[in-house]
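I have placed the structure first, in the form of structure tokens, so that the comments after it can refer back to it.
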Amino acid sequence: MIERAVIDGRPVGADARFTLTARYGHFTAMQVRNRRVRGLDLHLARLDEANRELFGAPVDRGAVLGAIRAVLGDDARDGSVRVYVVETDRPRVLATLATLAPPAEAEAGPLRLRSVVFQRYLPHVKKAAGFAQAHLGRQVRREGYDEALLTSADGIVSEGSITNLGCFDGERLVWPDAPMLRGITMRLLERVDVPQERRPLKAGDLAGLGLVFVCNSHGVVPVGQVDDVALRPDPALAARVLGWYDAVPWDALD
């Protein structure tokens with residue numbers, strides 16, 4: 001059997017061929033600052049839960065931490081790190097680091113969301129292949145929006161294409177009651193000592209909820225518009241939510 005691959009006409013080795021053919025797997029994405037990360041236990045739990053579901057075995061946590069330390073090396077202290085567990089002949093742990101640009105930070109906002117009817121397969125798993133979400137994100141950005149808001153056919157909101165959506169009415173955090181990926185930042189905010197609930201939400205409900213925000217590993221950003229409906233994010237409520245997130249401790253990787 002002959003196995004070859006080229007990128008822009010250049011032959012590549014076995015490791016590059018592996019990354020091109022590894023389609024089945026899952027991952028987690030994190031922002032590293034001074035070799036620390038928020039919610040390290042949640043990242044490890046996410047990988048373990050997905051690994052048990054997709055591969056029928058717990059994840060090798062030592063291999064995960066070793067991959068993160070190895071990709072950081074001795075010189076990198078900040079960056080965007082992704083850890084993948086993917087399979088060709090067997091599950092393998094990969095890690096990538098982006099440090100050529102400053103580590104990703106949340107946009108200032110408020111953001112504009114465009115609702116689209118779409119439901120991810122196995123939405124609770126952060127799957128390695130993300131073509132559909134990337135495509136939807138590019139589509140809405142062409143229309144002048146910042147993020148796609150995924151809904152069911154009858155308009156029930158689930159999540160953003162690469163974010164979770166949350167609301168704060170001044171008394172409680174409200175999350176959509178729908179199939180979704182519970183992101184790490186969402187899980188960190190779920191630990192805040194404030195009343196929380198899940199309820200079915202439609203895009204038209206959001207204007208009456210005080211503060212609507214999206215969150216992912218980049219942080220928390222207020223939402224100022226959904227489709228053609230303008231929202232009025234309350235600065236005091238936004239400051240409280242951002243304060244909760246900023247107070248989350250950073251866990252050492254070394």
Trace of the side chain to side chain contact (heavy atoms under 4.5 Å, CB included) decision for Arg172 with Glu197: CA-CA 7 Å; Arg172 67 189 63 242; Glu197 69 176 65; 3.2 Å; yes
From CA spacing to verdict: side chain to side chain donor-acceptor pair (under 3.5 Å), Glu53, His124: CA-CA 11 Å; Glu53 181 166 351; His124 58 286; 2.9 Å; yes
Does the pair Trp244 and Leu173 meet the rule for a side chain to side chain contact (heavy atoms under 4.5 Å, CB included), with working shown? CA-CA 12 Å; Trp244 293 332; Leu173 282 168; 4.1 Å; yes
Working note: Asp60 + Val93, criterion side chain to side chain contact (heavy atoms under 4.5 Å, CB included); need CA distance, chi angles, decisive distance, verdict. CA-CA 9 Å; Asp60 185 336; Val93 177; 5.5 Å; no
Evaluate the side chain to side chain contact (heavy atoms under 4.5 Å, CB included) criterion for residues Gln196 and Val194: first the C-alpha distance (whole Å), next the side-chain angles of each, then the deciding distance (0.1 Å), finally the verdict. CA-CA 6 Å; Gln196 306 200 21; Val194 62; 3.9 Å; yes
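Contact of the Leu206 side chain with the Cys167 side chain is registered, since non-hydrogen atoms from C-beta on lie closer than 4.5 Å. Side-chain contact between Gln225 and Val229: absent, with no pair of heavy atoms (C-beta onward) separated by less than 4.5 Å. At least one side-chain heavy atom of His43 sits less than 4.5 Å from a side-chain heavy atom of Met30. Inter-residue side-chain proximity for Ile156 and Leu201 is flagged as unmet; no heavy-atom pair is nearer than 4.5 Å. Between Val64 and Ile68, the closest side-chain pair of non-hydrogen atoms falls below 4.5 Å. Two residues are said to be in side-chain contact when any heavy atoms from C-beta on lie closer than 4.5 Å; Val223 and Pro110 fail this criterion. A 4.5 Å side-chain heavy-atom check between Glu49 and Leu54 finds every atom pair outside the cut-off. Considering only heavy atoms from C-beta on, Glu147 stays 4.5 Å or farther from Val140 through its side chain.
Atom CZ of Arg69 has more than 12 heavy atoms from other residues, nucleotides or ligands within 6.0 Å. Atom CZ of Arg77 is surrounded by more than 12 heavy atoms from other residues, nucleotides or ligands within 6.0 Å.
With hydrogens and angles ignored, the 3.5 Å screen pairs a side-chain donor or acceptor of Asp146 with a backbone N or O of Arg112. Checking side-chain atoms of Lys127 against main-chain N and O of Gly25 turns up no donor-acceptor pair under 3.5 Å. Panel note: side chain Asp177, backbone Arg198; no donor-acceptor pair is recorded below 3.5 Å.
Figure legend: Arg92 and Tyr84 shown without cation-pi pairing, the cationic atom not lying both under 6.0 angstrom from the six-membered ring centre and within 45 degrees of its axis.
The distance from atom CZ of Phe213 to atom CG of Leu165, rounded to the nearest 0.5 Å, is 7.5 Å. Atoms CG and CH2, from Asn34 and Trp250 in turn, are 10.0 Å apart once rounded to the nearest 0.5 Å. The distance from the CD atom of Gln133 to the CG atom of Leu150 is 7.0 Å, given to the nearest 0.5 Å. Rounding to the nearest 0.5 angstrom, the gap separating the CG atom in Leu149 from the CZ atom in Phe118 is 13.5 Å. Of the inter-residue distances, the one linking Ser158 atom OG with Arg120 atom CZ reads 8.0 Å to the nearest 0.5 angstrom. Rounding to the nearest 0.5 angstrom, the gap separating the CD atom in Glu159 from the CG atom in Asn216 is 11.5 Å.
Side-chain N/O atoms of Arg46 and Thr28 include a donor and acceptor closer than 3.5 Å. Side-chain contact annotation: Gln31 with Ser80, donor-acceptor N/O pair under 3.5 Å present.
A salt bridge does not link Asp251 with Arg33: every distance from a Lys NZ or Arg NE/NH1/NH2 to an Asp or Glu carboxylate oxygen is 4.0 Å or more. In this structure, Asp254 pairs ionically with Arg35, as a charged nitrogen and a carboxylate oxygen lie closer than 4.0 Å. Remark: Arg240 does not engage Glu171 in a salt bridge, criterion side-chain N to carboxylate O under 4.0 Å.
Ring geometry, Phe55 versus Tyr24: the interplanar angle exceeds 60°, so the pair is classed perpendicular (tilted spans 30 to 60°).
You'll find the ring centres of Phe168 and Trp175 outside the 6.0 Å limit.
At a threshold of 4.5 Å between side-chain heavy atoms, the hydrophobic network of Ile, Leu, Val, Met, Phe, Trp and Tyr places Leu47 and Val32 in one connected group.
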